[in-house]
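Written below as structure tokens is the structure these notes are about.
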Protein chains: 4
Amino acid sequence: MGSSTQHPRRGNTRQRIQDVALELFAEQGYEKTSLREIAERLDVTKAALYYHFKTKEDILISLFEDLSRPVDELVAWGAAQPSTLETKKEILRRYGVALAGAAPLFRFMQENQATVRELSIGDLFKQRMMKLMDLVMDPDADMPDRVRCFSALFTMHAGMLALKDVEGDPEEKRAAILEVSTDLITQAHTPSRTA
Amino acid sequence: MGSSTQHPRRGNTRQRIQDVALELFAEQGYEKTSLREIAERLDVTKAALYYHFKTKEDILISLFEDLSRPVDELVAWGAAQPSTLETKKEILRRYGVALAGAAPLFRFMQENQATVRELSIGDLFKQRMMKLMDLVMDPDADMPDRVRCFSALFTMHAGMLALKDVEGDPEEKRAAILEVSTDLITQAHTPSRTA
Amino acid sequence: MGSSTQHPRRGNTRQRIQDVALELFAEQGYEKTSLREIAERLDVTKAALYYHFKTKEDILISLFEDLSRPVDELVAWGAAQPSTLETKKEILRRYGVALAGAAPLFRFMQENQATVRELSIGDLFKQRMMKLMDLVMDPDADMPDRVRCFSALFTMHAGMLALKDVEGDPEEKRAAILEVSTDLITQAHTPSRTA
Amino acid sequence: MGSSTQHPRRGNTRQRIQDVALELFAEQGYEKTSLREIAERLDVTKAALYYHFKTKEDILISLFEDLSRPVDELVAWGAAQPSTLETKKEILRRYGVALAGAAPLFRFMQENQATVRELSIGDLFKQRMMKLMDLVMDPDADMPDRVRCFSALFTMHAGMLALKDVEGDPEEKRAAILEVSTDLITQAHTPSRTA
DNA sequence: GATGAATGAGCGTTCATTCAT
DNA sequence: TATGAATGAACGCTCATTCAT
């Protein structure tokens with residue numbers, strides 16, 4: 001026995017909306033998820049959603065703000081560190097943790113780029129990614145090394161999300177992704193590979 | 001009088017529909033692009049679209065079939081080659097060419113994954129990517145090397161599309177992406193790096 | 001400590017609701033003014049409005065009752081007077097004063113006739129206007145004279161409200177309107193104009 | 001015998017929409033008339049309305065444009081005449097005809113001023129009324145005479161519409177209204193009445 | 001090879017209102 | 001005196017799709 005009555009009209013509706021919305025957004029995409037669907041799954045009316053959020057987009061914004069704070073903090077942390085290879089490795093490591101902590105949101109962001117681009121969070125996301133890139137990329141590196149940095153970040157990003165449906169131990173995969181990513185950034189940092 | 005001119009202007013409505021659709025799909029996403037919009041831009045009625053295509057999805061399918069044949073052929077070619085490092089390098093090179101040849105479509109596929117997943121082309125695309133992966137990946141490589149192969153392909157994919165809005169000479173960028181990608185696959189192929 | 005200050009500020013929510021409601025009703029119309037809007041402007045919740053008024057219409061009714069009492073009294077006064085030209089002139093004069101005293105309400109009534117017609121105050125208003133008309137109109141006058149009386153009243157009504165956005169000294173305008181109105185009723189009262 | 005089949009799917013739907021819309025707009029007001037209501041009365045779906053009109057407001061605009069052209073023409077005609085008393089009388093006469101010809105529309109405009117003010121036709125209407133006023137009003141008349149002109153026009157306007165629900169022969173009423181209105185404008189034109 | 005006219009389903013949103021606290 | 005949380009009904013509008021011509 002406990003608190004699972006039939007009408008759990010507690011002060012947690014807002015949170016429940018966010019949970020269900022994220023689940024559905026990640027599963028079906030933003031556009032294909034209707035407010036009716038969200039409401040039905042929560043057994044409330046559509047209008048109830050509007051008590052807690054001003055618009056559909058607002059639900060998404062709130063998710064983004066709540067869940068992507070760790071990345072924001074990571075960017076801030078990185079900016080305060082000396083721009084050494086060690087720092088960059090640590091950034092990648094921490095980025096992996098942040099991604100894992102909000103995997104559904106980031107999966108959503110990646111799989112709905114076209115949609116998100118027109119939404120207000122699109123810019124926020126893009127700018128943050130670019131700041132992250134700047135932290136990791138040497139401004140006067142040559143083009144291949146720039147690509148290596150880009151690839152390091154992207155490998156983390158896509159790897160963490162896409163390798164979900166690949167066989168193998170999750171921990172091992174995480175470690176491998178981080179290793180490859182770190183390798184890439186190390187190579188980008190090592191001069192005269194070609195020589 | 002050959003009818004395959006480069007600037008479609010008359011009597012080739014089907015082709016013009018595809019062109020406009022691809023442009024809009026890539027720009028705004030599949031869901032946010034309505035048939036009304038496509039029709040208006042072509043200055044025909046919506047009903048006219050239905051003369052040439054059975055459904056909205058059909059337009060997308062036709063685009064996919066027409067534009068992604070090169071990748072299909074690449075997969076077929078790769079399957080017929082011996083599974084050497086040289087082959088794999090060549091696969092990456094050719095993949096780059098194929099991507100560049102149908103950039104808008106691939107950009108679309110990447111930015112609309114959530115949508116495409118529910119569509120019939122979603123599976124096609126996924127299976128082809130997995131075949132490509134298989135061609136490039138050593139079945140009994142360790143996890144980091146598997147990730148390296150994944151990353152090689154993904155770097156090509158994302159690099160070709162996302163680096164569009166990055167400063168620098170396009171050719172140089174293409175070359176750099178290919179270099180990094182090739183590097184990754186080479187490393188994946190070289191035993192005992194750690195030793 | 002008298003509580004009937006001119007600038008309502010505290011503890012007199014009912015009055016403040018009426019003030020804001022009248023302002024918004026007059027400005028945007030009854031239908032386009034939502035209770036949310038009223039509540040927000042007062043910095044209370046919608047539910048608070050329901051503590052003071054049973055329905056939205058009730059707010060309007062209360063405004064009507066409070067603000068149009070002078071006209072009611074005018075009708076009563078007129079009915080008790082002998083039906084002379086002098087009386088009628090005085091009625092017009094007093095009507096002008098009453099109109100000026102509750103201009104926003106009367107402006108609202110005029111600009112929202114379609115809406116008000118379906119509301120309970122619609123009838124009240126109409127009946128009062130007809131009583132006023134009866135006081136001013138000679139039952140066995142000919143049609144033109146009846147129109148003159150109608151026009152006298154309507155000129156007051158519309159003139160007072162519509163001439164707001166016309167250049168000129170307000171007092172002069174009021175006087176002029178009253179003059180024309182009085183003229184009309186005088187002419188209606190003067191036999192054998194045509195002869 | 002006759003064309004009254006059950007499915008009169010002729011090319012007259014647009015017209016039928018306008019007819020029903022005007023009827024309902026005039027009867028209940030613009031806001032209280034829903035597209036569902038219009039559609040139901042025509043036995044079509046709401047979506048069908050959108051084939052013929054881009055928005056709800058568009059329906060109203062089309063009504064306004066179609067029905068108020070005579071007044072536009074009257075204004076144009078008046079502007080081309082010499083500004084004599086005779087001209088002004090003729091303007092009033094013609095205005096009466098125009099009003100009678102589109103009574104429901106003008107009734108609607110008068111009874112929904114608050115609504116119409118925010119709509120695009122609000123300005124059109126206002127400007128036209130002011131032009132009409134200018135045609136009829138002497139620029140250097142004194143205030144009472146200006147009011148007389150205003151009253152002349154307004155008497156026509158309101159009289160034609162409001163006197164519908166007053167007993168008496170319609171023709172007689174029309175004549176009386178025109179007479180009073182003409183009287184007013186004549187008085188406004190006659191110098192030194194007071195002397 | 002295309003249009004004109006329409007449909008049915010659904011969308012995001014807003015509204016006046018209620019009621020336990 | 002008020003609020004927090006919700007509802008049910010409706011709204012204007014858009015969509016992919018159909019079909020007779």
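Naming convention: chains lettered A, B, ... in sequence-line order (proteins, then strands); numbering from 1 in each chain.
Rounded to an integer number of Å, the gap from C:Glu40 CD to F:dA2 P is 17 Å. In this structure, A:Asp58 places its CG atom 14 Å from P of E:dG12, rounding to the nearest Å. Distance B:Leu42 CG to E:dT3 P: 10 Å, rounded to the nearest Å. With rounding to whole Å, D:Asp43 atom CG is found 18 Å from E:dA5 atom P. B:Arg14 places its CZ atom 13 Å from the P atom of E:dA2, with the value rounded to the nearest Å. Per the geometry, CG belonging to B:Leu49 stands 16 Å off C1' belonging to F:dC19, to the nearest Å. Whole-Å rounding puts the C:Ile17 CD1 to F:dT3 C1' distance at 14 Å. The distance from atom OH of A:Tyr51 to atom P of E:dT18 is 18 Å, rounded to the nearest whole Å.
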- [ ] Let me have DNA chain E in dot-bracket notation, would you? Count Watson-Crick plus G-U wobble pairs, both distances under 3.5 Å, and use [ ] for pairs crossing earlier ones and | for inter-strand partners.
- [x] .||||||||||||||||||||
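At least one side-chain heavy atom of C:Val71 sits under 4.5 Å from a side-chain heavy atom of C:Phe106. The closest side-chain heavy-atom distance from C:Ile61 to C:Phe53 is not below 4.5 Å. At a threshold of 4.5 Å between non-hydrogen side-chain atoms, the residues D:Ser68 and D:Arg128 count as touching. Two residues are said to be in side-chain contact when any heavy atoms from C-beta on lie closer than 4.5 Å; A:Glu37 and A:Val20 fail this criterion. Using a 4.5 Å heavy-atom threshold, the side chains of C:Tyr30 and D:Glu31 count as separate. Under the 4.5 Å side-chain criterion, counting only non-hydrogen atoms from C-beta, A:Phe108 is not in contact with A:Glu27.
Between F:dA2 and C:Thr13, a contact under 4.0 Å exists linking OP1 or OP2 to a side-chain N or O. The side chain of D:His52 contributes no N or O atom lying less than 4.0 Å from OP1 or OP2 of E:dG4.
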Under 3.5 Å, which N/O atoms of the protein pair with N/O atoms of nucleotides 14-17 of chain F?
unit_1: F:dC15; atom_1: OP2; unit_2: B:Arg36; atom_2: NE; d: 3.1
unit_1: F:dC15; atom_1: OP2; unit_2: B:Arg36; atom_2: NH2; d: 3.0
unit_1: F:dA16; atom_1: OP1; unit_2: B:Lys56; atom_2: NZ; d: 2.8
unit_1: F:dA16; atom_1: OP2; unit_2: B:Leu35; atom_2: N; d: 2.9
unit_1: F:dT17; atom_1: OP2; unit_2: B:Tyr50; atom_2: OH; d: 2.8
unit_1: F:dT17; atom_1: OP2; unit_2: B:Lys56; atom_2: N; d: 2.8
unit_1: F:dT17; atom_1: O5'; unit_2: B:Tyr50; atom_2: OH; d: 3.2
unit_1: F:dT17; atom_1: O4; unit_2: B:Lys46; atom_2: NZ; d: 3.3

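Across B:Arg14 and B:Ser62, no two heavy atoms sit closer than the pair NH2-CB, 3.8 Å.
The line from CG of A:Leu67 to CE of A:Met109 is 11.0 Å long, rounded to the nearest 0.5 Å.
A donor atom on one side chain and an acceptor atom on the other are not found under 3.5 Å apart for B:Gln127 and B:Asp123.
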